[in-house]
Amino acid sequence: MKKVTMFKLSAIALALGVTSVANATVVTTPASITYATELFQGSTPNATIVTLPVMNIVAATPLTAGTYQVVIKSTGAIFTAVPTAATASSAVTTASPVLAASGTTYTLGTTSDTFAFTVTVGAGLQVTAGTVIATVSAATVNNAGAALGVAVPTPITVTATVTNNLAPITASAVNAAPVATNIVDATSVATNVATSSAGITLTQAANANAGQIDLAAATGVATAFTGAASVTSIDLGNVTATDGSALTAASAQYGIALGDRINAIVTAPAGAFSALGTTGYASLMLEAAVPATTCTAIAPGISASPLFPTAAAAGAATTLTLTGTAAPVSGSKYHLCMSVAGTSARAIAQSTPTVVYTLVKAAGTAVDSNDVTASAPVMPLAFNGASRTISTYVPASVTGYTALVRVLNTGAVAAPVTLSVTSEAGVTTTAATPVIVSLAAGATANLSAATIETNLAAAPAGTFAVTARPRVTVTAPTNGLVVQSFVVTPTGALTELSGQALQ
């Protein structure tokens with residue numbers, strides 16, 4: 001039997017109008033359009049109709065002279081009307097919508113995700129594989145929010161199929177897939193035509209200042225925010241609102257409006273806001289007016305909290321609400337500052353506050369959307385001070401045995417070290433001067449019993465009797481303090497008495 005070359009078979013197939021379905025139609029677009037997720041959210045979503053980019057329909061299979069139907073199907077949204085279809089090849093003489101069975105106007109139903117148009121290849125002409133046979137523009141889709149407005153958005157995609165079925169698509173069959181026997185060029189791979197992302201993002205971070213709250217050496221009472229930070233305010237963290245690249249329904253960039261505001265709610269255990277008193281407040285201040293490591297006591301910025309009516313109310317509060325007073329600038333960092341009421345000593349609770357920032361969209365603007373939020377823990381409010389008590393202290397008057405106290409500053413700031421003594425009767429007295437003027441961060445000092453009791457000599461406790469077993473407390477305004485107690489025997493042996501309790 002004589003073999004027939006593939007070239008001859010292809011020529012015969014073209015002559016008979018027979019085409020292969022091994023390949024598939026191709027849909028290309030200049031770029032998928034990214035819309036702002038916010039457009040599809042809120043109580044009255046602003047944009048449920050969005051415009052798709054220009055779609056190029058590429059024949060993957062050669063098309064001979066004749067009229068074909070191109071069926072476009074979407075996922076994630078429905079078409080609002082048949083878009084304009086234009087010819088894109090000299091071999092294609094017409095490209096027009098398929099008429100509905102009821103008349104000359106192609107009317108889509110409310111659930112239509114398919115439309116079709118015809119392309120005609122002129123007599124004696126041929127479309128080669130890889131040719132753009134038509135361009136589809138001005139395609140609008142409805143119900144876009146179903147895909148683009150959800151928490152985890154999915155893209156809107158389209159597929160195209162070239163068929164030889166020229167019957168109008170009726171309302172009852174508008175969503176039906178093309179009949180397999182009518183397919184001339186198989187269905188294309190789905191092409192993304194619309195996606196969504198946040199039009200505006202909020203990002204926030206906690207500050208990492210060292211030594212924010214001092215523990216007064218003389219009293220053991222927490223004082224106002226001091227140490228590495230300003231004596232009048234503390235930087236808990238920062239937030240930035242940034243315009244994204246996502247578009248509005250009109251394909252303009254979605255951005256922060258003049259009426260937008262950042263609100264914030266800071267939550268912490270009772271006592272965390274005691275230092276605010278009746279004159280302190282929290283605010284969001286622009287970084288240009290705030291050094292990178294601290295806030296300054298300046299007028300409130302774009303958001304601020306009201307003053308507490310009484311000091312008791314400040315101490316009992318567990319939330320602090322900041323209300324926006326001005327629109328944030330895109331990309332600018334705003335610091336969450338707590339400006340305390342003066343610098344006198346106040347009780348401050350150790351805590352790790354949390355904050356929820358909300359970008360509240362302006363009322364009455366062209367866009368109604370859900371508010372953008374960001375939340376996370378802010379800077380922990382830890383005492384820049386610590387106390388450790390030695391309950392195994394051996395007085396210097398004990399012969400043959402020597403007490404030794406080892407003090408380690410494991411904190412981030414240098415600090416004076418102060419001693420106090422508590423008698424067996426429970427009376428506590430603090431030395432008038434530090435036993436160590438300044439113990440550097442990371443440094444260690446050894447205190448003998450003689451040094452300790454000399455430091456305490458000015459106190460009524462004085463030196464200790466052989467039989468006395470007082471408790472000695474070591475205090476320093478640093479956020480890390482380790483104290484160990486040792487005793488040296490007459491033979492020089494060193495024994496630790498503190499154990500792990502003082503670590």
What one should report as the nearest heavy-atom pair of Val136 and Ile57 is CG2-CG1, 4.2 Å
After noting the C-alpha distance and the side-chain angles of Val193 and Ser32, does the key distance pass the side chain to side chain contact (heavy atoms under 4.5 Å, CB included) rule? CA-CA 4 Å; Val193 289; Ser32 172; 5.6 Å; no
Any heavy-atom pair between the side chains of Leu39 and Ser196 that's under 4.5 Å? no
Strictly by side chain to side chain donor-acceptor pair (under 3.5 Å), give each pair with a member in residues 146-158 just once, sequence neighbours left out. Thr75-Thr157
Sidechain-backbone polar pair: Thr37 side chain, Ser197 backbone, donor-acceptor under 3.5 Å: yes
Taking atom NZ of Lys333 and atom CG of Leu286, what is their separation to the nearest 0.5 Å? 11.0 Å
Is there a donor-acceptor pair under 3.5 Å between the side chain of Arg388 and the backbone N or O of Leu481? yes
Give the C-alpha distance, both sets of side-chain angles, the deciding distance and a yes or no for side chain to side chain contact (heavy atoms under 4.5 Å, CB included) between Tyr281 and Leu307. CA-CA 6 Å; Tyr281 56 87; Leu307 300 179; 4.2 Å; yes
Could I get the full list of side-chain contact (heavy atoms from CB on, under 4.5 Å) partners for Thr402, not counting sequence neighbours? Val488
Taking the side chain as every heavy atom from C-beta outward, state whether Thr389 and Thr422 have any pair of such atoms under 4.5 Å apart. no
If you compare all heavy atoms of Ala440 against all heavy atoms of Ala414, which two are closest, and at what distance to 0.1 Å? CA-CB, 3.9 Å
Donor-acceptor pair, Glu287 side chain versus His335 backbone, under 3.5 Å? no
In Å and rounded to the nearest 0.5 Å, what is the CG to OH distance from Leu202 to Tyr334? 11.5 Å
After noting the C-alpha distance and the side-chain angles of Thr242 and Thr240, does the key distance pass the side chain to side chain donor-acceptor pair (under 3.5 Å) rule? CA-CA 6 Å; Thr242 307; Thr240 305; 5.7 Å; no
Check: Ser245 and Thr34 side chains under 4.5 Å, non-hydrogen atoms: no
Which atoms form the tightest heavy-atom contact between Leu336 and Val266, and what is the distance? CD2-CG2, 3.9 Å
Heavy-atom side-chain proximity of Val405 to Val483 below 4.5 angstrom: yes
Check: Ala282 main-chain N/O paired with Ser305 side-chain donor or acceptor under 3.5 Å: yes
Start with the C-alpha distance between Val141 and Val50, add both sets of side-chain angles, then the distance that settles side chain to side chain contact (heavy atoms under 4.5 Å, CB included), and finish with yes or no. CA-CA 6 Å; Val141 291; Val50 295; 3.6 Å; yes
Can you tell me how far apart OG (Ser303) and CD1 (Ile262) are? Round to the nearest 0.5 Å. 6.0 Å
Is it true that a side-chain atom of Ser397 and a backbone atom of Val466 form a donor plus acceptor pair closer than 3.5 Å? yes
If we only count heavy atoms from C-beta on, is the Thr191 to Thr28 side-chain gap below 4.5 Å? no
List the atom of Pro353, the atom of Ala268, and the distance in Å for their closest heavy-atom pair. CB-CB, 3.9 Å
Rounding to 0.5 Å, atoms CG (Leu284) and CG (Leu236) come to a distance of 10.5 Å
Thr358 and Thr373 side chains, donor-acceptor separation under 3.5 Å: no
Hey, does the side chain of Thr29 reach the backbone of Pro53 with a donor-acceptor pair shorter than 3.5 angstrom? no
Below 4.5 Å, heavy atoms only, C-beta onward: do Tyr35 and Ser251 meet side chain to side chain? yes
From OH (Tyr393) to OG1 (Thr473), nearest 0.5 Å: 12.5 Å
Ignoring hydrogens, what is the shortest heavy-atom contact between Thr475 and Ser387? Give both atom names and the distance. OG1-OG, 2.9 Å
Atom pair CG (Leu419) and OG1 (Thr454), whose distance is rounded to the nearest 0.5 Å: 11.0 Å
Close side-chain approach of Arg469 and Pro395, heavy atoms under 4.5 Å: yes
Under 3.5 Å, side chain of Thr325 to main-chain N/O of Ile302, donor-acceptor pair present? yes
Measuring only between side-chain heavy atoms, which start at C-beta, is Tyr357 closer than 4.5 Å to Asn238? no
Is there a donor-acceptor pair closer than 3.5 Å between any side-chain N or O of Thr25 and the backbone N or O of Ala186? yes
Using a cut-off of 6.0 Å, state whether more than 12 heavy atoms not belonging to Leu258 lie near its atom CG. no
Least distance between heavy atoms, Asp113 atom then Ala77 atom: CB-O, 3.9 Å
Taking the side chain from Asn455 and the backbone from Ile452, do they hold a donor-acceptor pair closer than 3.5 Å? no
Between Leu447 and Ile436, does a side chain to side chain contact (heavy atoms under 4.5 Å, CB included) hold up when you go through it step by step? CA-CA 9 Å; Leu447 304 174; Ile436 303 173; 4.1 Å; yes
Donor-acceptor under 3.5 Å (Glu38 side chain, Ile200 main chain): yes
Would Thr159 and Ser188 count as a side chain to side chain donor-acceptor pair (under 3.5 Å) here? Give the steps. CA-CA 5 Å; Thr159 56; Ser188 67; 5.1 Å; no
